[in-house]
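In what follows, a structure is listed as structure tokens, so that the remarks can point back to it.
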2 protein chains.
Amino acid sequence: MVQMMGAKQTLYDSFAEVAKAVAHGYRLQLLEHLAQGDRAVEDLANRTGITVANASQHLQHLYRAGLVTVRREGTRRIYRLNSGVVELLAALRSVAEAHHAGSQQVIRAYFAARDSLEPVSHDELMARLAEGSVTLIDVRPADEFQQGHLAGARNVPLAEIEAAVARLDPEIEIVAYCRGPRCVLSFDAIERLRARGFKARRLAEGYPEWKAAGLPTGQSDIASIP
Amino acid sequence: MVQMMGAKQTLYDSFAEVAKAVAHGYRLQLLEHLAQGDRAVEDLANRTGITVANASQHLQHLYRAGLVTVRREGTRRIYRLNSGVVELLAALRSVAEAHHAGSQQVIRAYFAARDSLEPVSHDELMARLAEGSVTLIDVRPADEFQQGHLAGARNVPLAEIEAAVARLDPEIEIVAYCRGPRCVLSFDAIERLRARGFKARRLAEGYPEWKAAGLPTGQSDIASIP
DNA sequence: CCATGATTCAATTGAACTATTGATTAGTGA
DNA sequence: TCACTAATCAATAGTTCAATTGAATCATGG
């Protein structure tokens, strides 16, 4: 790599810099949280369980690579995902799940029994929502729901699902979604709902993918940053 | 990263391993060449200008990440791109060109004057080919053309373009393409053709993207491996 | 079965990356 | 202005990664 650096070489190196930014477990986690909505450094650090200083440096790495932007809001800095990043992560996940042995192994270990919950596609959900034949629930925490959610969804955080069961119509099929295709919240929700006799399925993707596809979303008008 | 490693953590780490594989200039170059067709190690080393031993190790890195597969053919090993990788690279390029300062700078430096050559889209090319109103030329070297090319294309390697000019109809507009959206071959071809009074434009993408989109391709029945 | 060509392997060196620590900057409100 | 909170910065040590070199495989053809 220490060479004369022709045009080609430098362009590939530049693209590689962007790839390096997504080539770390913590940064992928940060990006997944940012895909749910804008977030401050400390908030992200708490959600991911890494120290503030470390999160700060990883976020700056993402910033230099052009994956996020920052704005100040009083004493905190709010990071936001750039356009195209959700698609990049989707392409990465797709290749990993299709061909990478390590990823397949982890998925088999943690999602094996659950893959029988045949998921619902975007198109199918749109059609069923139009005819009013499903109840759509968002099982993410309330603050994430408030920052943005699928149009027509009802927030039922996983923690409160047992209590909410009483208010759900057992005759109507339930579709649950959460942060993304490999987020465990909705897997758990489906299992619990089925255990109570509900007909429940899982949306194949999460809120970020739905939004990136340009499908209808809603947003609560409550203060966006917790 | 040295932690208890929950399900989430290990899955993100796994995805990060795949991302690491594309996070190197040489490996991106190798992937671009593999996107043109299957290639042996030495061949790739020659095309990219890196040593055989180094290329071998990078290719094994790509293999472990699930981006390529290998088969033996006599004494050589032929590497092949896995499905979905072209899309991953396209997503990476898209984010880099939209938001990464370094990439934008390189592109401005090397492609600035050339971006005025307003490119042709897949759809537009399909339509124009159907009505027979363009001559489509593939300006890659002959061996790459043989391994696969757009249906209806004529091979005019960049090196022979001056000689081929005589055989082209000056009344019909020319569309040129090569290895990908940032491959310089077709930029050069357009410039030379225009200098000779031809009406010439560039296909926005290259052969790999066309093929990945499922559009019609052709292949010469000559020995595939040089 | 030996020589050859293609590729991989193993060991080494230097460079780059990551997490941690403690100090520092920057805004906010009393 | 002072204390307080949020975030970044700077230095460090441990770890991983990359390129080079030369030796070792492994299939092929005489």
Side-chain angles (χ1 to χ4, degrees), chain A residues 1-5 9 12-14 16-30 33-34 38-65 68-80 102 225-226, chain B residues 1-5 9 12-14 16-30 33-34 38-65 68-80 102 225-226:
Chain A
M1 189 96 335
V2 187
Q3 282 189 329
M4 279 190 293
M5 290 278 176
Q9 188 57 66
Y12 285 118
D13 285 347
S14 293
E17 278 180 39
V18 180
K20 276 200 190 82
V22 286
H24 191 283
Y26 283 167
R27 290 195 290 270
L28 287 175
Q29 264 189 89
L30 291 169
H33 282 288
L34 285 169
D38 300 359
R39 297 259 181 282
V41 178
E42 193 177 21
D43 184 31
L44 287 165
N46 292 336
R47 288 177 195 266
T48 54
I50 64 187
T51 67
V52 172
N54 200 5
S56 172
Q57 298 194 163
H58 281 301
L59 287 165
Q60 286 173 62
H61 195 154
L62 293 173
Y63 175 77
R64 286 191 298 271
V68 301
T69 48
V70 212
R71 67 173 191 276
R72 315 191 74 118
E73 222 168 71
T75 160
R76 49 192 121 192
R77 299 195 189 189
I78 313 295
Y79 282 84
R80 162 174 292 178
I225 303 301
Chain B
M1 190 95 337
V2 188
Q3 281 191 328
M4 281 189 293
M5 288 277 177
Q9 187 58 67
Y12 285 118
D13 285 348
S14 293
E17 278 180 38
V18 180
K20 277 201 189 84
V22 284
H24 191 284
Y26 283 166
R27 290 195 290 269
L28 286 175
Q29 265 188 89
L30 290 169
H33 282 289
L34 284 170
D38 301 357
R39 299 259 181 282
V41 178
E42 193 177 21
D43 184 31
L44 286 165
N46 292 336
R47 288 177 196 266
T48 54
I50 65 188
T51 67
V52 172
N54 200 6
S56 172
Q57 299 195 162
H58 282 301
L59 287 166
Q60 285 172 63
H61 195 154
L62 293 172
Y63 175 77
R64 285 191 299 271
V68 300
T69 48
V70 212
R71 68 173 189 276
R72 316 192 73 119
E73 223 168 72
T75 160
R76 51 191 120 191
R77 299 194 189 191
I78 312 296
Y79 282 84
R80 161 174 294 179
I225 304 299

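Protein chains get the first letters and strands the later ones, always in sequence-line order, with residue 1 at the start of each. Heavy-atom basis, side chains included; hydrogens, waters and symmetry copies ignored.
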Calculate the interatomic distance between [X] atom [atom1] and [N] atom [atom2]; express it in whole Å.
| X | N | atom1 | atom2 | answer |
| --- | --- | --- | --- | --- |
| Glu73(B) | dT28(D) | CD | P | 11 Å |
| Arg64(A) | dC9(D) | CZ | C1' | 12 Å |
| Glu17(A) | dC17(D) | CD | P | 18 Å |
| Tyr12(A) | dA18(D) | OH | C1' | 20 Å |
| Ile50(A) | dA7(D) | CD1 | C1' | 14 Å |
| Leu62(A) | dT18(C) | CG | P | 11 Å |
| Lys20(A) | dA18(D) | NZ | C1' | 11 Å |

For nucleotides 6-8 of chain C, which of its nitrogen or oxygen atoms have a protein nitrogen or oxygen under 3.5 Å away, and what is each distance?
{"from": "dA6(C)", "atom 1": "O4'", "to": "Thr75(B)", "atom 2": "OG1", "distance (Å)": "2.9"}
{"from": "dT7(C)", "atom 1": "OP1", "to": "Val41(B)", "atom 2": "N", "distance (Å)": "3.3"}
{"from": "dT7(C)", "atom 1": "OP1", "to": "Arg77(B)", "atom 2": "N", "distance (Å)": "3.4"}
{"from": "dT7(C)", "atom 1": "OP2", "to": "Glu42(B)", "atom 2": "N", "distance (Å)": "2.8"}
{"from": "dT8(C)", "atom 1": "OP1", "to": "Tyr79(B)", "atom 2": "OH", "distance (Å)": "2.9"}
{"from": "dT8(C)", "atom 1": "OP2", "to": "Ser56(B)", "atom 2": "OG", "distance (Å)": "2.4"}
{"from": "dT8(C)", "atom 1": "O5'", "to": "Ser56(B)", "atom 2": "OG", "distance (Å)": "3.3"}

- [ ] Only counting residues at least two apart or in another chain, list the ones meeting side chain to side chain contact (heavy atoms under 4.5 Å, CB included) with Ala21(B).
- [x]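 Per chain and number, Ala21(B) pairs via side chain to side chain contact (heavy atoms under 4.5 Å, CB included) with His61(B), Leu62(B), Ala65(B), Leu67(B).
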Open item on the list: Go nucleotide by nucleotide along DNA chain C from the 5' end; which of Arg27(A) and Arg72(A) gets its closest nucleotide reached first?
Closed with: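 Its nearest nucleotide lies further toward 5', so the answer is Arg27(A).
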Please name all residues satisfying side chain to side chain donor-acceptor pair (under 3.5 Å) with [X], sequence neighbours left out, ordered by chain then number.
| X | result |
| --- | --- |
| Gln60(B) | Ser56(B) |
| Arg80(B) | Asp38(B) |
| Gln57(A) | none |

- [ ] Determine, step by step, whether Tyr79(A) and Arg39(A) satisfy the side-chain contact (heavy atoms from CB on, under 4.5 Å) criterion, reporting the C-alpha distance in whole Å, the side-chain angles of both residues, the deciding distance to 0.1 Å, and the verdict.
- [x] CA-CA 5 Å; Tyr79(A) 282 84; Arg39(A) 297 259 181 282; 5.8 Å; no
Task: Under-4.0 Å side-chain N/O to phosphate OP1/OP2 contact, His24(A) with dA19(C) - done: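 True: His24(A) side-chain N/O within range (under 4.0 Å) of dA19(C) OP1/OP2.
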Open item on the list: Looking at His58(A), I'd like to know whether one of its side-chain N or O atoms comes within less than 4.0 Å of OP1 or OP2 on dA19(C).
Closed with: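 So the side chain of His58(A) is within the cut-off, an N or O lying under 4.0 Å from OP1 or OP2 of dA19(C).
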Open item on the list: Are Arg76(A) and Glu42(A) packed together at the side-chain level, in the sense that at least one heavy-atom pair is separated by less than 4.5 angstrom?
Closed with: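 No, every pair of side-chain atoms sits at 4.5 Å or beyond.
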